[in-house]
Amino acid sequence: MSLSAERHSSERVDRTGYRCLNFQPEDIMKKDTIHTLQAALKTLGISPCPQVEIEVPKVGSFGDISTPLAMGLARVQKKAPKKIAEEIVAAIGDNDTFEKIEVAGPGFINFSFSREYLYRGVKRILTHDPTLLREDIGQGRRVLVEFVSANPTGPLHVGHARGAAVGNALCNLLRESGFTVEREYYINDFGRQVLLLGESVFASYMRLNGHEEYQVPEDGYQGEYIDDIAREFRAQEGDGPTTAEEEGMAAAREFAYGKMLALIRKDLGSFGVQFDSWRSEAELYEKGEVAGAIDFLKGKGFMYDKDGALWFKSTDFTDDKDRVVIKKDATYTYFASDIAYHKDKLDRGFDLIIDIWGADHHGYIPRIESVMHAFGYDSTRFRVILVQMVNLLKNGEPFKMSKRAGNFVTLSDVAELVGADTTKFIFLTRKADSHLDFDIDVVTAQSSENPVFYVQYAHARINSILENARAKGIDVSTIGDTDLAVLELDEELTIVKKLLVYPIMLEGAARTCEPHRITYYLQELAGLFHGYYHRHKVITDDRALTLARLALCTAIRVILLDSLTILGVTAPDKM
RNA sequence: GCGCCUGUAGCUCAGCUGGAUAGAGCAACUGCCUUCUAAGCAGUAGGCCACAAGUUCGAAUCUUGUCAGGCGCACCA
């Protein structure tokens, strides 16, 4: 089977209408269970073997892992689901992986893992081999993720921070899931907005030189940052009157644009987000890629002339309206460079292309999808992730932002005031496509409103316990060899199961491109640990128990560190 | 008017693509610091999953309709 055919068959369309990645589950726990089930089905002569679905039940009494398989088979086999389930259980027989397998409810088969199996799982974590925590669902396939891509006409604000946090975490997640990820920032450095930036800075500069008659152009940019740049420009250019206004304006534009881009890079860097490539819109024009892409589509018959303009026939695909590419005045629309940019992405040979946009651009999805179609690209390999607007509040009151009025909270303000870790984590505690209230006062209060501390605290606490053990002369470097059989408390086994479910959770997060699942998992795991910590001492006089509990704590720490790292959040040793 | 998204505890949100008894954090109330970090723990309370039909063994989840909120509907960028 070819790669693309295989990929195609495993893809589905989610309920929002966007394609998502869907791969066969390969996690250890799942794999072991599925193999057991498949063998049993074979014994029973049930073929073709149906897709075996596995889930982690919400309620502990339903076992560690569960399948509704028999219920699905009931129709095909024309037998009661419970009966089928019982036959399957009988066919599985004795097995050292499971302590108990039972039929429950309308026909669920619930599996409980044996303690030996669980201990083996902890040992795997203690090897510190991250590949044992992941499934290679990407298999080296190349994915391009474009995110942030804010106009270089002002500093990044809180809304961009959300896109940056989500994009960054998603890239990490996909990379850890076996994809080769390229992070890209598309710079809109062509057209009206940069011109306005230049004019705005130039006007400010001229006023600084005593030419009060220069006004910020209509729709121009205002705010302190414009004056700051103008002052810097003045420091470079001096205060002599600029004789050739055109030249001065162009110089101001270049200067301001350069400053802005540098600032954006710097802010993203201090936020902990780095890009592999920065793609320039202006360059697409200079290299003739815009004209080339349009010619290409013309050749395919997807362009036509009407009313003196050139139109793209996006209604041939998923759009409800054709779109102008070249205006009556012979200039290009913004859409034209978007076509070229997406062709450029395709030409670079990615297996998967992900665009992360602000939700206010959702109306653009059909036309870009149409472009992908027109270029002959399998559109299931293109996905747009929408990041909803951040509803900025200050002390419970809406805080209106406007870049042009210069009234906004920048990313660097937030990173400095709130901290990059907290900001990222909060943005990742919600689905990307859901509205989010971000109250500056609440978040800066550094109270229990900040879930990130809760999780980081668990990590720091474990580190502190390990320090303590070392101070008492316990050698924790060989903790992986510890006999874990003394871990027999329900709480301990619950924690172990939570740890072993980690790869399943990660796989789901990667498959659906939903990094927010990781933050929920983290809070649950940290919660289990904090409760355990308060009820039971790790370091006691019982040497065997101490070592086993240190091993458990170490395993928890491995998972906390691993998942926080994927989110782009630090895991401090001390707090 | 058309399209997209959202509607789950007082508030902010999860709910793993149709599974079993609906989940967490805040806020409220009650307890817990000579003991590995109290940025913590234990407990109480809080629900007609917006509403109404439908699909089937089974619906917060899928379909349709209604209501409410947000966003988008350029030869702007």
Of the nucleotides [options], which has the atom closest to the [X] side chain?
X: A/Gln193; options: B/A77, B/C5, B/C75; result: B/A77
X: A/Gln388; options: B/C5, B/C75, B/C71; result: B/C5
X: A/Lys321; options: B/A77, B/A74, B/C5; result: B/A74
X: A/Phe108; options: B/C36, B/A20, B/U17; result: B/A20
X: A/Asp307; options: B/G19, B/C75, B/A77; result: B/C75
X: A/Phe453; options: B/A20, B/A39, B/C75; result: B/A39

| field | Most 5' of A/Ile54 and A/Asp322 on RNA chain B, judged by nearest nucleotide | value | A/Ile54
| query | Relative to the 5' end of RNA chain B, which residue comes earlier, A/Pro68 or A/Lys537, by the nucleotide with the nearest heavy atom? | reply | A/Pro68
Counting the atoms with a prime plus P, OP1 and OP2 as sugar-phosphate, which does [X] contact under 4.0 Å by heavy atoms, base, sugar-phosphate, or nothing?
X: A/Val325; value: nothing
X: A/His536; value: base
X: A/Ala460; value: base
X: A/Ala469; value: nothing
X: A/Phe529; value: nothing

Can you tell me how far [atom2] of [N] sits from [atom1] of [X], to the nearest Å?
X: A/Phe190; N: B/A77; atom1: CZ; atom2: P; answer: 10 Å
X: A/Asp319; N: B/C73; atom1: CG; atom2: C1'; answer: 10 Å
X: A/Asp338; N: B/A74; atom1: CG; atom2: P; answer: 16 Å
X: A/Tyr334; N: B/A77; atom1: OH; atom2: P; answer: 10 Å
X: A/Phe335; N: B/A77; atom1: CZ; atom2: P; answer: 13 Å

[atom1] atom, [N] versus [M]: distance in rounded Å?
N: B/U34; M: B/C16; atom1: C1'; value: 45 Å
N: B/A24; M: B/C49; atom1: C1'; value: 16 Å
N: B/U17; M: B/C2; atom1: P; value: 34 Å
N: B/A9; M: B/G15; atom1: P; value: 15 Å
N: B/A60; M: B/C51; atom1: P; value: 11 Å
N: B/G18; M: B/U61; atom1: P; value: 11 Å
N: B/C76; M: B/G1; atom1: C1'; value: 23 Å
N: B/U8; M: B/A68; atom1: C1'; value: 15 Å

| Can a side chain N or O of A/Tyr364 be found less than 4.0 Å away from OP1 or OP2 on B/C4? | no
| query | A/Tyr521 vs A/Tyr502 aromatic rings, parallel, tilted or perpendicular, using cut-offs 30° and 60°? | reply | tilted
Report yes if a donor N or O on one partner sits less than 3.5 Å from an acceptor N or O on the other, where the partners are the side chain of [X] and the base of [N]; otherwise report no.
X: A/Asn110; N: B/A20; value: yes
X: A/Ser66; N: B/A20; value: yes
X: A/His362; N: B/G3; value: yes

| request: With sequence neighbours excluded, give me every ring-ring contact (aromatic ring centres under 6.0 Å, His included) pair touching residues 52-77 of chain A. | output: none
Would you please name every residue forming a salt bridge (charged side-chain N to carboxylate O under 4.0 Å, His left out) with [X], sequence neighbours left out?
X: A/Glu286; result: none
X: A/Glu199; result: none
X: A/Glu492; result: A/Arg549
X: A/Asp421; result: none

| message | Can you confirm whether A/Val455 sits close enough to A/Val569 that some side-chain heavy atom of one is under 4.5 Å from a side-chain heavy atom of the other? | response | no
| task | Side-chain contact test, heavy atoms from C-beta onward, threshold under 4.5 Å: evaluate it for A/Arg557 versus A/Leu466 and give yes or no. | result | yes
Give each protein N/O atom lying under 3.5 Å from an N/O atom of nucleotides 41-46 of chain B, with the pair distance.
{"residue": "B/C41", "atom": "OP1", "partner": "A/Tyr454", "partner atom": "OH", "Å": "2.4"}

| What one-letter contact string describes nucleotides 9-15 of chain B from 5' to 3', where B marks a base within less than 4.0 Å of any protein heavy atom, S marks contact via sugar-phosphate atoms alone, and - marks no contact? | ---SSSS
| said: For A/Phe108, give me all partners under ring pair (Phe, Tyr, Trp, His ring centres under 6.0 Å), at least two apart in sequence or on another chain. | reply: none
| field | Pairwise salt bridge (charged side-chain N to carboxylate O under 4.0 Å, His left out) hits with a residue in residues 355-368 of chain A, at least two apart | value | A/Lys345-A/Asp355
| said: By the rule that syn is within 90° of 0, classify the base conformation of B/U12 as syn or anti. | reply: anti
| B/C73: syn or anti, per glycosidic angle within 90° of 0 | anti
| All side-chain hydrogen bond (donor to acceptor under 3.5 Å, both in side chains) counterparts of A/Asp541, not counting sequence neighbours | none
| field | Which residues share a side-chain hydrogen bond (donor to acceptor under 3.5 Å, both in side chains) with A/Tyr341, sequence neighbours left out | value | A/Glu184
| remark: Here the gap from A/Thr554 atom OG1 to A/Ile479 atom CD1, rounded to the nearest 0.5 Å, amounts to 5.0 Å
| Does RNA chain B take part in any stems of at least 3 consecutive Watson-Crick or G-U pairs (both distances under 3.5 Å), and if so, which ones? | B:1-7 with B:67-73, B:10-13 with B:23-26, B:28-32 with B:40-44, B:50-54 with B:62-66
| Candidate list A/Ile495, A/Leu547, A/Thr482, test side chain to side chain contact (heavy atoms under 4.5 Å, CB included), partner A/Leu552, passing option | A/Ile495
